Every structure is written in C-alpha cells, then in structure tokens.
Amino acid sequence: MTTIQPITANTTEPAAKAADARRFPDGFLLGAAAAAYQIEGAAHEDGRADSIWDAFSRVPGAVINADNGDVACDHYHRYRDDVALMRELGLDTYRFSTSWARVHPDGGPVNLKGVDFYSRLVDELLDAGILPWLTLYHWDLPQAHEEQGGWTNRDTAFRFRDYALTMHDALGDRVKVWTTLNEPWCSSFLSYTGGAHAPGRQDVGAGLRAAHHLMLGHGLAVQALRERDESLELGITLNLTVAKPVDPSRPGDVDAARRIDGQFNRVFLDPIFRGHYAGDLLADVGHLGLRDAIQPGDLEIISTPINALGVNYYHGESVSDQPATHPLGGHAPTDRPIRSPFPAADHVHFHSQGLPQTAMGWEVQPDGLRELLGRVHREYTGPAGVRMFVTENGAAYDDEVTADGAVHDSDRTEFLLAHLDAILDAIEEGTPVHGYFYWSILDNFEWAWGYEKRFGLVRVDYETQQRTLKDSGLAYQQVIRDRCLPATSDH
Ligand code: IFM
C-alpha cells in the first residue's frame, strides 16, 4: 500500500528532467478527491439525518434545477465499484470526507450504521492498495447544529472535536492521515456572509464568527487526535488564491489585492501558522465581529502544530477598485440574490485576465499554482516544517459523450497536465510539494450548481449511474503509471 513517507531529501529533490519527460519525485502521491454530500446519496438511509445542505437544497432557488444530494452518485451503495475504478486508474491515494450527519444524526449519539459505511470504505481502499486520506468536514454540518446557531455558535467547535474523536475511535487503527476541515473560507464566508452556500445566511459578522469557530474546531480536533496518537499525519485544507492588482501602480488596485489576500488567504494561514490575525486584516474586519469572537487562548489552540497543509487551487484573481470593462464570464448559479462573501471588500472588482475559462467561468492559470505554492512555502509551511500537498485542482467542462460512448475531454486533460507541470516547476524552484489530488474522481453534485457542472475524471450518467472513464482519466492513468508527464504534451 502507498504510504506517506517522512520528509527526506529524496521526496523534496528537484524533479529530474529525463529526456523530454518530467518525472515526479520519489514518494510524490498522485490521487483524486471527492466529498460525502457530493457523491454518497443515501441521504435518508441507515439513520442519516439532514445536514445543512439537505435543508438548503430545499430552499426555492438555492440550487440550480432544485437538485440535491439525495441520490448523487449513489456511492454509498456503489463504493466497491468506485474503488475498483480508482484501482484501475492506479491512484496512490483517495481523499474522501465523512458525513457528520451520518455519524451523529441530529448531532446526537453515534450511529453505528453510518460509521460502518466508512469502515467498509476504508477496508476496500486498503485492500486496493490505496492510501485513505480522510477529511472530517466538507461543509455538511448536521442541521440540528445549525438550529443552535451553526458555526456562529462557539459550542459547535467543541461538538466538532467530539465527532473527530468518534471517527478516530472507529478508524484510527487504519486511517493515518486526517484533515480537519476542507476550505473553511467556503463554509464560513461563502455560507454565512455571501449566502451562496448552506446555510445561506447573509451576515458579515456571522461569516467572521463562523470562520473563527471553524478554526477553533480545527485546533481542538488536532489537539484531541494528537493526544490519541502522536504518529497521525494531521492537517487542514485551505482554498487559496493569488490575488494581483490589475495595475500595480494604482494604490486602489494594490489595496484591493491586499484585501482579497487578507480575507481569503491570510485570514486562515496566519492564525494556523503564526497564532495571530494580521494587523491589516484586523483593521479591516476586526470591528465587524471578529474581535468579539476571539477568546483568550483561542489562537494558541488554533496554532497547534500540524503536519500537512492541503492547498486547493483553481484560479487566481486580478483585482481593482475600479469596475472592469471586460468582466469575468462567471455568474451566480441561480437568480437568488447573493452578496459579496468578503467581509470588507464590497468595492473590489474582479477583472478578466483574458485567459481561457472553464465552464465555471474560472480562468485557467496554471502558473498561479506555481507562484502560490512558492509563497505558501516561503511564508508558512517552510518555516513551520509542514508538508504541503495540492489537495484539490480540477476543471468543469461541458463534456459530451460521442457516438463511441467515450468522453474526449481534451480541455480537461490539458488543464490537468498543465497544473501538474506547474507543480513540477515549483518543485524545481525549491518548493517541496508532496502530492496532488485531482478534483474530482467522479462527476458529482456541484453545490449550488447542482449536477450542471462536471469536474470528474469519470463521467456519471445520473439516470443509469453508469460510470465512463473520460480521456482525462486515461491520461492521468498513464501519468500515474509512468510517474512522469508525457514527453509529447505541449502543456
Ligand atoms: O466541488 C468543489 C469542492 O467541494 C470544494 N472545492 C471546489 C470544488 C469545485 O467547485
């Protein structure tokens, strides 16, 4: 089975350029990711109760086509076949999340049937020689906790720690890599301030309190798991960006970039790695509710040392305090009004850089990944001796099934290879990166976009649940097998 190797010169060595092919360093993990609510289905089975996403999906206009995760990819019943597909792809590791609402329905006692599903999944992965990479929270808070205030309620952080221990009781003998949270920016600002995600609140202070309490829950869980087993690989996954001023000579644009960096990246990186919120961030948002949420001792808990940082990267941002003449192509999923998720950047405008865009309207900017990884290493993970992984990166495109039954998604293949290339560039520059997870293994429920956006290496026909390996999946299979990028690609 694939294991996580300790940091050695071997795993951080610059990637060798063999002939024209670029090789991954020894020990570099090549995997794929997915999340519970997006693929499992079985929303009302074996004792599972509502999460905030079940409730939010019922709000008229919240999700395109009123889609929901009731069935999704039916992974709950088809997990054996899905793991077989992962084995066929040759994945070293699979990053999945567990559903709090399945394990502690209504936030109550442990539901053994729910836990048993994850136990069987882990066994299946181990039998297939695939390293299980477990994420405890990928946005699906039990609705019962939301009714007590959700993440705006400090107590939720302590309930999260309890849930982490439940999962460790069940799986700690077999799962060695634990991620506390996936993308807390989304589960706080996008969800409690912007209102685009569950629970759909639109309150600046609520987003800030949620962000702080999510961080507190992260720190409490790391402490509790570490106390259980010192050998665990513990970490968190953040979605991060590269924010650049449209015109670096305009102070308004420079300030816009500083704000987005602060309210997207540093709001999480600083407390985790430095045990404080940055002064400029506090000046921008402290009075909006953040200071009230911070209690003595919180930042010590939040900055409890971790072993691994997951970086999720999709695209960079070019920002200004001036409106764009050519705005970005992306748009809100539904007509439901949403507000800026940023607590104090209402005047910031996001400009197109004229790059190709995915079906999400996100610009394809692989070099931003190289730059981001270098910055995070220099300023955060490097000094802390924390290993860095790209835990998500991927693209939605409007796939078509051709007459031969195949999906010739050359745009996704290009995207994948270009981002892997950017990682090798980063490594060559001296930034240690230890693994990559494509998002996602399967097409799935893309939150407020429902089933309209497809990110998978594997196509899912939602009528029949038939799985088809796309051309991008075949390309990734070859990369994993060869441990290098194809010599001929022009990525
Ligand atoms: O589908 C999501 C995932 O749940 C979190 N990161 C971004 C992906 C694409 O939007």
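As the structure is a prediction and not an experimental result, all values here were calculated from the model. Order of appearance sets the numbers: ligands from 1, and atoms from 1 within every ligand.
With no hydrogens or angles considered, a side-chain donor-acceptor pair links Y436 and N393 at under 3.5 Å.
Note: T237 OG1 to H218 NE2 = 10.5 Å, rounded to the nearest 0.5 Å.
Side-chain atoms of N153 and R209, non-hydrogen and from C-beta on, never get closer than 4.5 Å to each other.
Residue pairs that meet the salt bridge (Lys or Arg N to Asp or Glu O under 4.0 Å) test with at least one member in residues 175-192, sequence neighbours left out, are K176-D229.
In the displayed structure, R336 atom CZ is contacted under 6.0 Å by more than 12 heavy atoms of other residues, nucleotides or ligands. Other residues, nucleotides and ligands contribute more than 12 heavy atoms inside 6.0 Å of the NZ atom of K453.
Among protein residues, Q38, H138, W139, N182, E183, Y314, W362, E392, W439, E446, W447, F455 come within 4.0 Å of ligand 1, judged on heavy atoms.
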